[in-house]
Every structure is written in C-alpha cells, then in structure tokens.
Protein chains: 4
Amino acid sequence: MFLHINPNNGLAIYDQIVRQIKFSVASDGLYPGDLIPSVRELAKELAVNPNTVSRAYRELQADQVLITIRGTGLQVTQNAPETCKKDRTRLLSNRIQSVLQEASQSGLTRQEIDQIIKKELDRLDKKKSKNSSTESKES
Amino acid sequence: MFLHINPNNGLAIYDQIVRQIKFSVASDGLYPGDLIPSVRELAKELAVNPNTVSRAYRELQADQVLITIRGTGLQVTQNAPETCKKDRTRLLSNRIQSVLQEASQSGLTRQEIDQIIKKELDRLDKKKSKNSSTESKES
Amino acid sequence: MFLHINPNNGLAIYDQIVRQIKFSVASDGLYPGDLIPSVRELAKELAVNPNTVSRAYRELQADQVLITIRGTGLQVTQNAPETCKKDRTRLLSNRIQSVLQEASQSGLTRQEIDQIIKKELDRLDKKKSKNSSTESKES
Amino acid sequence: MFLHINPNNGLAIYDQIVRQIKFSVASDGLYPGDLIPSVRELAKELAVNPNTVSRAYRELQADQVLITIRGTGLQVTQNAPETCKKDRTRLLSNRIQSVLQEASQSGLTRQEIDQIIKKELDRLDKKKSKNSSTESKES
DNA sequence: GTGGTCTAGACCACC
DNA sequence: GTGGTCTAGACCACG
C-alpha cells in the first residue's frame with residue numbers, strides 16, 4: 001500500500017496508520033467506496049501485528065472514515081474526504097503548533113527558527129527527488 | 001521559575017523540563033554556577049509530581065548540565081552553555097524534521113505547508129506580545 | 001416476501017431470517033406445505049449474500065421447520081406451526097429478558113423503564129399504521 | 001466493584017463494562033473526580049483480561065466520561081453525569097426498540113407482548129428481592 | 001503503583 | 001476469505 005511506518009517518531013503505530021489513511025483519503029489516494037486492505041494483509045505488509053492494524057481501523061470507524069461491510073471488508077465512507085481534509089489540516093497544525101511553540105520558547109530568534117525549518121524542508125525535497133528517481137529506475 | 005509545561009503536546013513532562021532547562025542555559029537564562037530550584041520547590045510550582053522533576057534532574061546530571069553540590073543543591077556546570085547550545089538545535093531540528101516529514105507525506109503541497117507554518121508562527125508572535133504586555137502590567 | 005432485515009439491531013442477518021420465518025409460520029403467514037422462495041430469489045430480494053440465506057435455510061431444516069422436496073425446493077413441514085409457536089415466545093422472551101435485565105441494572109426506576117417501553121411501543125404503533133396506510137395506497 | 005458481566009447476552013464484555021460504568025455515573029454510583037478501579041484491579045475482579053478492561057476504559061475516554069491522570073489512574077470527568085444520563089436512556093431505548101420491533105413483527109398481539117414483558121419484569125423483581133435479602137443476610 | 005502499546009495466537013460470526 | 005473479540009504476556013513511560 002502507501003503507508004510508511006516510522007517506529008521512532010513518537011507516534012504510536014496505530015496512530016500513524018490512522019493519520020496516514022486519513023491523509024490518503026484527503027489527498028485523493030483513496031475514494032469513497034474503495035475497499036481498504038484487509039487487516040491481515042496490511043499487517044503483513046507493514047510487518048506489524050494484526051491487532052495493531054485492527055485498532056487503527058476501529059478508530060477510523062469511530063471517526064466515520066470507514067464502515068464495515070460484514071464478511072467483506074472495510075469501505076471508505078461517502079463523507080470521508082470532507083472530514084479527512086478537515087482532519088488533515090487540524091492534525092498537522094496541532095503538531096506544528098506545539099513544535100513551534102517549543103522552538104519559540106527555546107530562545108532562538110525567529111530568523112534562526114526559519115532557518116532550521118528551511119533546512120529540514122530542503123532535506124525532505126532532496127529525499128523526495130531521490131525516491132522519485134528510484135521509482136523511475138524501478139519502472 | 002521560567003518553565004511552561006503543556007501536558008498534551010506529546011512530550012513527557014520530565015522531557016519538557018529537561019529540554020526547557022537546556023534551552024534556558026543555551027539562551028542565557030541560566031549561567032554556570034547558578035543553583036536551580038529544589039525538586040520539591042519546582043514540583044510545587046509546576047503542580048507536578050516530585051518524582052517527575054527528580055527524573056528530569058537526573059537526566060540533566062547524566063548529560064553533564066547539572067552537578068550536585070553536596071548539602072547545597074544542583075548547580076549549572078561550567079561547560080553547560082556549550083553543550084546546551086548544541087543540544088538545542090539538535091533537539092529542535094529532530095522534532096521539526098519528523099513533523100515536516102509527516103506533513104510532506106500528507107499530500108499537502110509545500111506551499112500549503114509553508115502557509116500553515118506561517119500561520120502558526122504568527123499566532124505565536126501574537127501570543128508572545130500579549131504575554132509581554134501582561135508581564136509589563138505585572139511589573 | 002415478508003421479511004424486514006435490519007443490519008444494525010445486533011442480530012446476525014441469517015438469524016433474523018430464521019426468526020422471522022419461524023414467526024411467520026407461527027402467525028399463519030406460512031402454512032405447512034408452502035414452498036418458500038429459493039435461496040437466490042430471497043437473497044436478491046433482501047440484497048443479501050446468498051450464503052447468508054442458505055445458512056438460514058440450513059438452520060431451519062435442522063430445526064425441522066423446513067424440509068427439502070427434491071427437485072422442487074423447501075417446504076414448510078407439517079408440525080412447523082406447533083414448534084414455531086413455542087419458539088416464538090421463547091426467542092422473544094429471551095431477548096426481552098436480557099434487555100430488561102440491563103435496564104434494571106441501569107439505575108432507572110421501574111416506572112422510568114415502563115415509560116421508555118410505552119414510548120417505544122407507541123412509536124411502533126404509529127409506524128405500523130403508517131405502513132398499513134401505505135400498503136392500502138399500493139393496493 | 002458494581003459490575004455484573006453476563007457473557008451470553010450478546011453484548012461484548014468491553015461493551016458491557018462501558019455501558020455499566022456509564023449507567024453507574026448516571027445513577028450516582030460514581031461522581032466526577034472519582035478514581036475508578038485500575039485496569040488490573042477490575043480485570044482481576046471480573047476474571048477478565050486486562051486488555052478487555054483497558055479497551056472499555058479507552059472508549060470511555062473517547063466518550064469524555066473518563067480522563068487519565070498520568071501515572072495515577074482514570075478519573076470521572078465533570079460533565080460525565082450529564083452525558084451519561086443522556087447516553088443511558090439512548091442506549092436502553094435503542095435496545096428496547098429493536099427488541100420490541102421484532103416482537104411486533106412476530107405476529108403476537110400487543111396484549112401478548114405486554115404480557116411477556118410483565119412476566120419478565122416480575123421475574124426481575126423477584127430476583128432483585130432475593131438478592132437484597134441475600135445481602136441482608138450477609139450484612 | 002498507574003495506563004498505553006504491542007505482539008502472538010486463538011476463536012467466533014459472517015459472507 | 002472478512003472483521004470482531006478475547007486472552008496471555010511483555011515492555012514502556014509516568015508518578
């Protein structure tokens with residue numbers, strides 16, 4: 001699938017799954033009516049316990065992003081894109097906010113903070129272009 | 001003292017104490033030789049369990065930022081400023097990096113991410129100026 | 001046919017089919033010798049997986065309510081009415097019992113529970129009369 | 001504590017715990033600020049796996065009935081009574097409704113249904129008085 | 001001590 | 001095959 005689990009970024013695995021599926025719905029990687037990978041399938045792919053995936057899916061149901069089709073699987077709901085787009089900004093803003101708050105209290109000037117952010121964004125861009133070139137090689 | 005604890009920003013309380021004390025040393029809020037508040041005192045001020053403060057101090061000793069003066073308390077070490085300045089950038093960069101990584105994977109464009117960051121920075125600026133005006137009232 | 005499936009009332013679909021067919025036999029909606037709809041037919045009508053209907057029919061055969069007539073289909077047995085009438089009261093009593101037990105443990109007074117029951121019964125009466133008027137329109 | 005788990009009433013154990021704790025808050029068995037039994041404690045008392053209790057508590061947090069006090073336990077929230085009272089009626093009404101709906105479709109007359117309900121309520125009353133007499137003996 | 005997370009593996013009902 | 005539930009037991013962070 002399309003998920004990248006990073007065990008050391010402070011977020012629980014199940015939470016990373018929840019967030020990334022929401023993000024995927026928000027950015028047109030998943031559409032209403034799509035069946036998402038089965039619990040066992042995704043668990044195998046992420047090398048993670050099925051219960052962990054199951055828990056993530058359960059939360060996504062509680063958040064009205066998924067519904068179960070009995071004996072069939074889990075489906076993206078009709079209003080998922082809307083709620084997920086809202087959630088995406090909210091979830092990211094929350095994390096960004098608390099990080100920036102700490103940075104701001106750290107005694108660094110806004111200039112210095114901007115510099116760090118720029119540096120990390122550039123690093124990401126490099127990583128991305130490296131990945132996409134890798135993908136081109138693969139294709 | 002000068003610490004602001006936020007129980008819901010994902011960081012453990014003890015970790016917030018550690019980081020903020022390091023930041024304070026790095027930004028000339030604390031100098032080598034300064035005695036820091038006792039465990040009980042700080043715990044009371046932050047409305048936090050003394051064990052939590054104790055653990056933070058323990059880590060700061062392990063990182064050579066604090067040193068015990070027998071019968072007196074904990075003192076900022078001579079080379080604390082140097083190590084803390086290094087730590088500050090590293091600690092902040094790490095957090096910023098993992099947040100930006102998630103944002104980047106979320107499907108938002110770099111422009112949109114920049115916009116969120118700008119918004120949150122502005123919000124912080126407002127908050128800061130409000131606080132400083134409050135402080136002036138208090139003084 | 002005469003079945004109303006509600007996927008969210010806690011009972012499995014196949015179980016709802018089993019119960020409602022028994023109820024229908026008990027209340028003279030189906031008579032001994034009647035042929036019931038084929039698995040495919042009923043599955044299509046209820047928009048349900050044929051396996052689900054199949055399972056319901058299997059249980060009804062095990063309970064001696066239905067019997068296979070080779071090359072013809074499933075037929076209501078001779079003693080079905082008798083057993084279904086017993087079953088009807090038993091099945092309903094069981095469900096009612098466990099619900100009332102929970103209600104009783106909930107801290108509500110018997111009066112309050114009676115009130116809720118009355119309210120829900122009234123709601124059903126309204127629904128019923130609305131349905132029957134709809135049915136008259138259809139005829 | 002005050003919980004009675006019935007493994008055969010169709011509801012999952014974790015769900016019974018959730019409902020009964022809500023009921024307990026609604027009926028003044030638990031008050032805002034109260035610390036509820038620890039996961040391990042309740043699990044032991046109910047002879048149930050700690051994870052099952054943990055899951056129930058997690059849902060109660062999601063429903064804003066409980067909040068975690070880190071390293072201390074779970075506390076009943078301030079607005080819990082209000083939300084729980086609403087929930088109590090809603091949860092019971094839902095179950096009662098679906099049971100009565102089935103009863104109504106079963107071909108029994110309203111009189112017959114009333115009779116069954118009365119019978120089961122009486123049975124509960126007897127059980128209750130027996131329990132309370134048992135309790136008096138014990139005291 | 002507390003709750004939170006994760007793993008491993010089992011059984012169930014349903015389709 | 002699917003998801004849902006439960007058990008057993010482990011490890012972690014926190015107070």
Side-chain angles (χ1 to χ4, degrees), chain A residues 5 7-8 10-17 35-43 46-61 66-75, chain B residues 5 7 10-17 39 43 46-56 58-59, chain C residues 7 10-17 39 43 46-56 59, chain D residues 5 7-8 10-17 35-43 46-61 66-75:
Chain A
I5 297 306
N8 302 319
L11 293 176
I13 294 174
Y14 81 90
D15 203 19
Q16 295 183 49
I17 297 174
L35 284 175
I36 62 169
S38 78
V39 170
R40 293 162 175 85
E41 201 178 333
L42 184 56
L46 299 181
V48 141
N49 190 286
N51 279 329
T52 303
V53 176
S54 182
R55 173 163 179 193
Y57 284 4
R58 204 188 308 139
E59 305 227 339
L60 286 164
Q61 283 180 78
L66 301 179
I67 49 169
T68 72
I69 310 291
R70 285 215 286 198
T72 302
L74 290 155
Q75 202 180 49
Chain B
I5 297 305
L11 261 50
I13 294 174
Y14 84 92
D15 203 20
Q16 295 183 51
I17 297 175
V39 168
L46 300 180
V48 141
N49 189 304
N51 284 326
T52 306
V53 177
S54 180
R55 171 160 180 192
R58 213 184 313 135
E59 302 225 345
Chain C
L11 261 49
I13 293 173
Y14 84 92
D15 202 19
Q16 294 183 50
I17 297 174
V39 168
L46 300 180
V48 141
N49 190 304
N51 284 327
T52 306
V53 177
S54 180
R55 171 161 181 190
E59 302 225 345
Chain D
I5 297 307
N8 303 317
L11 294 176
I13 296 174
Y14 81 90
D15 202 19
Q16 293 183 50
I17 297 174
L35 284 174
I36 63 168
S38 77
V39 169
R40 292 162 175 83
E41 202 178 332
L42 185 56
L46 299 180
V48 141
N49 188 286
N51 279 328
T52 304
V53 176
S54 183
R55 172 164 180 191
Y57 283 4
R58 204 187 309 141
E59 305 228 338
L60 287 163
Q61 284 180 77
L66 301 180
I67 48 170
T68 72
I69 310 291
R70 285 215 286 199
T72 303
L74 289 154
Q75 202 180 48

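Because the structure is a prediction, the values reported are computed rather than measured.
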For DNA chain E, whose closest nucleotide is more 5', that of C:Asn51 or that of A:Asp15?
A:Asp15

Take D:Gln61 and A:Arg40, find for each the nucleotide of DNA chain E with the closest heavy atom, and name the residue whose nucleotide sits nearer the 5' end.
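This one resolves to D:Gln61.
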
In Å, rounded to the nearest 0.5 Å, how long is the span from CD1 of A:Ile36 to CD of A:Glu41?
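Rounded to the nearest 0.5 Å, the CD1-CD separation comes out at 10.0 Å.
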
Separation between CD of A:Gln16 and CD1 of A:Ile13, rounded to the nearest 0.5 Å
7.0 Å

The residue, B:Val48 or D:Ala12, whose nearest nucleotide of DNA chain F is more 5′ is D:Ala12

How do D:Arg55 and A:Gly71 order along DNA chain F: which one's closest nucleotide is nearer the 5' end?
A:Gly71

For a quick check of understanding: with a heavy-atom distance under 4.0 Å over all strands, which category does [X] fall into, base, sugar-phosphate or nothing?
{"X": "D:Arg58", "result": "nothing"}
{"X": "A:Asn49", "result": "base"}
{"X": "A:Ile13", "result": "sugar-phosphate"}
{"X": "D:Gln75", "result": "nothing"}

Between [X] ([atom1]) and [N] ([atom2]), how many Å, whole number?
{"X": "D:Ile17", "N": "F:dT5", "atom1": "CD1", "atom2": "C1'", "value": "12 Å"}
{"X": "D:Leu46", "N": "F:dC6", "atom1": "CG", "atom2": "P", "value": "12 Å"}
{"X": "A:Glu59", "N": "E:dC6", "atom1": "CD", "atom2": "P", "value": "11 Å"}
{"X": "A:Leu60", "N": "F:dG3", "atom1": "CG", "atom2": "C1'", "value": "14 Å"}
{"X": "A:Ile5", "N": "E:dT7", "atom1": "CD1", "atom2": "P", "value": "10 Å"}
{"X": "D:Leu42", "N": "E:dT2", "atom1": "CG", "atom2": "P", "value": "12 Å"}

Taking only side-chain nitrogens and oxygens of [X], does any of them come within less than 4.0 Å of OP1 or OP2 of [N]?
{"X": "A:Tyr14", "N": "E:dT5", "value": "yes"}
{"X": "A:Thr72", "N": "E:dC15", "value": "no"}
{"X": "A:Thr68", "N": "F:dG3", "value": "no"}
{"X": "A:Tyr57", "N": "F:dG3", "value": "no"}

Spell out, as yes or no, whether a donor-acceptor pair under 3.5 Å connects the side chain of A:Gln75 to the backbone of A:Ile69.
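Checking the backbone N and O of A:Ile69 against the side chain of A:Gln75, no donor-acceptor pair under 3.5 Å is found.
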
Of F:dA13, F:dC6, F:dG3, the nucleotide closest to the side chain of D:Thr52 is F:dC6

Would you state whether a donor and an acceptor, one from the side chain of A:Arg70 and one from the base of F:dG3, lie under 3.5 Å apart?
no

Using a 4.5 Å cut-off on heavy atoms from C-beta on, say whether the side chain of A:Tyr57 contacts that of A:Ser38.
no

Nearest non-hydrogen partners of D:Thr68 and D:Gln61, listed with the distance
CG2-OE1, 2.8 Å

